[in-house]
Amino acid sequence: MPDHSRPSPEIADEVLVLGGGVAGLACAQALAEAGRAVRVLERDRIGAATSLGNCGTLTPSHALPLAAPGMVGTALRWMFTPDAPFLVRPRWDPELWHWMLRFAARCDADTFARAIAPKAALLTASMDLLDDLVKRRGLDCGYRRDGLTYVYRDLSAFKAAVSEHLRLTAHGIEVQVWDGETALADEPCLRPGVVGALHFPGDGHLRPERYTAELARLVREDGGVVEEGVAVRRLQRAAGGWYLESADGRCWTARELLVAAGPWARRLLAPLGLRLPLVPGKGYSITTARPARAPRRPLVLKERSVCITAWDDGFRLGSTMEFAGYDARLTRARLDALERGAREGLHEPIGPGRREEWFGWRPMTWDDLPILGAAPGHPGLWLAVGHGMMGMGMSAVTGRLLADLMLGRDPVVDPAPYRLERFASR
């Protein structure tokens, strides 16, 4: 057993992956399968933070950017509405307001249109890669690729959504436009009053906690190491590599370091002079047993921004976006809004036996794209952060792209739109 009680001049590991959420595990899995010696360090339990309580949807349908025309006005109207789907809590936070100004500057039609392609490229490639991984390595994670449906009760909102989402077809994402009668026939769980729906047959879903557990299993099967309960307090360059020290005094060294620490990455890397344009966006979910009249596939009740996923052994309501910093309170108004929205749309809005009420911080960049690739000016340091609400849906391509770049292979997608350097000129 190696002694990690003090720094060593020797390189103990080939690659350290900092962060055991879905992005870090996907990177570790791809690297370990390619033959690299990998060690994952997770501050809590594997997949227990941002990855745990989300709805597990895999969504090329979500390739439209969050920064859309009209979003600024909507956010201002909702600022003092505690249960609004998109909530910015007013407070003194210079980092957040700088982020918000950058985000607002992107809410124009031309920028919105240009921003679809790089997001769609990641989401569509990731679906194909994940499909292959599940089949090739036998992942037991409740994976299904049978679509997702947006449901509308407001006719003007539905008409606007049809026009907006048909743009996705130019990026290889199939969109089916249904009238209300078709939607109700397809999903008998829906209450009357549906005026239309958008169905995305290429979307899918899985059980997120089982997926992260399976990724960790693959890392170990391929010779990697996964350590939990490692709260890293310091990282720095070491001779020929990187040195990390935990809060309890343990230390690790490696030739290369890959940071996939989600919303905590900004604070960890700030001492190195790296300024990541990340803020935490807080999402919520409620998990119960499966109701008798559950959806056949994931639904999004669009006017209420409530996502609903049913598995064989569970049922989850999720979504909403709250910018409240690192506030660790479970806000009742946000949870109640999920249930209220589900009651409006479903015959059985909640299942029996409430199992968990949850929140998690999503690492948000103001251009709605992750930061993937080498950290400029820091040899051997790699970044896989900033996936926002798309961590599950972008995980497989994130892992493959980072492995390609670190191994010098031809990248699975063009890495240019996702490099940290893109923010230097903005």
> Whether Arg137 and Asp222 form a salt bridge (side-chain N of Lys/Arg under 4.0 Å from carboxylate O of Asp/Glu) is what I want to check.
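Salt bridge: yes.
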
> Does Arg304 come within less than 4.0 Å of Glu344, counting only side-chain N to carboxylate O?
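Looking at Glu344 together with Arg304, the answer is yes, because their closest N to O distance falls below 4.0 Å.
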
> Looking only at the side chains, is there a donor atom on one of Thr111 and Arg106 sitting less than 3.5 Å from an acceptor on the other?
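Thr111 vs Arg106: no donor-acceptor pair found between side chains.
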
> Quick one: are Val88 and Trp97 in side-chain contact, heavy atoms under 4.5 Å?
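Result yes, sub-4.5 Å side-chain heavy-atom pair found.
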
> Does the side chain of Ser51 pick up a donor-acceptor pair with the side chain of Tyr211 at under 3.5 Å?
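Absent: no donor and acceptor within the cut-off.
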
> So does Arg217 pair up with Glu221, basic N to acidic O under 4.0 Å?
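Salt bridge flag = yes for Glu221 with Arg217.
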
> Quick one: do Asp367 and Arg102 make a salt bridge, cutoff under 4.0 Å?
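Judged by the 4.0 Å cut-off on N to carboxylate O distance, Asp367 and Arg102 do not form a salt bridge.
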
> If the threshold is 4.0 Å, N to carboxylate O, is there a salt bridge linking Asp368 and Lys119?
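A salt bridge is present here (some side-chain N lies under 4.0 Å from a carboxylate O).
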
> Strictly by modelled atom types, are Trp242 and Glu256 linked by a side-chain donor-acceptor pair under 3.5 Å?
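Judged by distance alone, the side chains do not pair up.
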
> Could you verify whether a donor N or O on one side chain and an acceptor N or O on the other, from Thr149 and His199, lie under 3.5 Å apart?
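Yes, a side-chain donor-acceptor pair sits under 3.5 Å.
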
> Under a 4.0 Å threshold between the charged nitrogen and the carboxylate oxygen, would Asp110 count as salt-bridged to Arg114?
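Salt bridge flag = no for Asp110 with Arg114.
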
> Are Glu187 and Arg296 close enough for a salt bridge, meaning some N to O gap below 4.0 Å?
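No, this pair does not count.
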
> Taking atom types as modelled and ignoring hydrogens, do the side chains of Thr398 and His387 form a donor-acceptor contact shorter than 3.5 angstrom?
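Short answer, yes.
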
> Between Asp203 and Arg145 (salt bridge meaning N to carboxylate O under 4.0 Å), is one present in this structure?
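No, no charged N to carboxylate O under 4.0 Å.
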
> Just to verify, which of Leu258, Val38, Leu372, Val40 counts as forming a side-chain contact (heavy atoms from CB on, under 4.5 Å) with Cys27?
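It is Leu258; the other options fail the test.
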
> Could you give me the CA-CA distance, side-chain angles and deciding distance for Glu339 and Arg343, then say whether salt bridge (Lys or Arg N to Asp or Glu O under 4.0 Å) is met?
CA-CA 6 Å; Glu339 191 167 347; Arg343 289 191 185 282; 2.8 Å; yes

> For the residue pair Tyr284 / Glu357, report whether a side-chain donor-acceptor contact shorter than 3.5 Å exists.
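Glu357 vs Tyr284: no donor-acceptor pair found between side chains.
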
> Is there a side-chain contact between Met321 and Lys282 (heavy atoms, below 4.5 Å)?
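Result no, sub-4.5 Å side-chain heavy-atom pair not found.
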
